[in-house]
There are 2 protein chains.
Amino acid sequence: MKKKNTDIFGALADPNRRKILMLLSAGILSVSALAEQFEVSRPAISKHIKVLEENNLVTVTDQGRERLCELQQQGFLELYDWIKFYDAFWNEKFNNLENYLNKDL
Amino acid sequence: MKKKNTDIFGALADPNRRKILMLLSAGILSVSALAEQFEVSRPAISKHIKVLEENNLVTVTDQGRERLCELQQQGFLELYDWIKFYDAFWNEKFNNLENYLNKDL
DNA sequence: TATTTAATTACGCAATATTTTTATTAACTA
DNA sequence: TAGTTAATAAAAATATTGCGTAATTAAATA
């Protein structure tokens, strides 16, 4: 039983991890292909990918000795759900403001 | 010139800070009123609020010796902008899938 | 089979983050 | 004015994170 290190917000808190996601938005890439785009070492990138994987932002599939990384929607949906709550909050707030402003028209 | 500690993703990475936002979604609260809802000390909450303020998730207004905290939309919009990019990514992806599936109909 | 390549694991360390305790500032109130 | 309340600042302790090096595993290749 492996324990999860961080949640989705923690996963997104690191700039290198967000850069990985951005790179993967252009297409599937191996760990090495990703690592080439960074100053940091390959093990560092490996760990970042693991965090992204644990939080369902990325899926990794073994292909021979390579591991191919691809964006996964589920993690993004989780984040989306979170922000939707506040989106609703703001909509309601501005609706109420609008109602208030129109009260005497 | 004071330097900002973290960006919006870092600001949201802490569970206590997200709880502060949730509590503020119910209405304006003073620092003390917020602190009551946590196990951690008041200075800790103070610092969390500062981070939220620096990232435009919360505005604080002085009222006598109290400081009233309120949600601020700007920070949420920043996050929204980020996720919108990936939202578009997924929409495009599934559109393409749909196009592919319908190709021979 | 020996070597190379892709990647992870293990370990340790430096940098950051979070929290606490103590001290301080400023605004109310008796 | 003296005491209390709300909050932050400063300093220090603790916890977590990110990263590198070295070692290891597994697959491809000469």
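Proteins come first, then strands; the chains are lettered A, B, ... in the order of their sequence lines, and each starts at number 1.
- A salt bridge (Lys or Arg N to Asp or Glu O under 4.0 Å) check over residues 38-49 of chain A, counting only residues at least two apart or in different chains, returns nothing.
- Positionally, the nearest nucleotide of DNA chain C for Leu68(A) lies more toward the 5' end than for the other of Val40(B) and Leu68(A).
- Protein atom CZ of Arg67(A) is 8 Å distant from nucleotide atom C1' of dA7(C), rounded to whole Å.
- Follow the hydrophobic side-chain contacts under 4.5 Å out from Ile83(A) and you reach Ile8(B) in the same cluster.
- Rounded to whole Å, atom C1' of dT29(C) lies 14 Å from atom CD of Glu66(B).
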Q: For the pair Leu68(B) and Glu66(B), evaluate side-chain contact (heavy atoms from CB on, under 4.5 Å) and give the outcome as yes or no after the intermediate values.
A: CA-CA 6 Å; Leu68(B) 301 182; Glu66(B) 293 196 318; 4.3 Å; yes
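- Remark: C1' of dA10(C) and NZ of Lys50(A) are 11 Å apart, rounded to the nearest angstrom.
- Look at Arg42(B) and you won't find any side-chain N or O under 4.0 angstrom from OP1 or OP2 of dT5(D).
- The nearest whole Å value for the distance from the CG atom in Asp7(B) to the C1' atom in dA17(C) is 14 Å.
- No single ILVMFWY cluster, assembled from side-chain heavy atoms under 4.5 Å apart, contains both Val51(B) and Leu34(B).
- Both Phe38(A) and Ile49(A) belong to a single network of hydrophobic side chains, linked directly or stepwise wherever heavy atoms of I, L, V, M, F, W or Y lie under 4.5 Å apart.
- Sequence order on DNA chain D of the closest nucleotides to Lys47(B) and Ala44(A) puts Lys47(B) first from the 5' end.
- Within residues 20-38 of chain B, the residues that place at least one heavy atom under 4.0 Å from DNA chain D are, in residue-number order, Ser30(B), Val31(B), Ser32(B).
- For the OP1/OP2 pair of dT20(C) and a distance below 4.0 Å, the side-chain nitrogens and oxygens of Ser41(B) include at least one atom meeting the criterion.
- A continuous path of ILVMFWY side-chain contacts below 4.5 Å connects Tyr86(B) to Leu52(A), so both sit in one hydrophobic cluster.
- The residue among Arg65(A) and Asn16(A) whose nearest nucleotide of DNA chain D lies closer to the 5′ end is Asn16(A).
- Following chains of ILVMFWY side-chain contacts shorter than 4.5 Å, one cannot reach Ile45(A) starting from Ile28(A), and the two form parts of different hydrophobic clusters.
- Taking atom CD of residue Glu54(B) and atom P of nucleotide dA17(C), one finds them 11 Å apart after rounding to whole Å.
- As a whole-Å value, the separation of Leu12(B) CG from dA17(C) C1' is 16 Å.
- The interatomic distance linking Gln63(A) (CD) with dA7(C) (C1') rounds to 14 Å, in whole Å.
- The phosphate of dT19(C) has OP1 or OP2 within less than 4.0 Å of a side-chain N or O from His48(B).
- Note: CZ (Arg17(A)) to C1' (dC19(D)) measures 12 Å, nearest angstrom.
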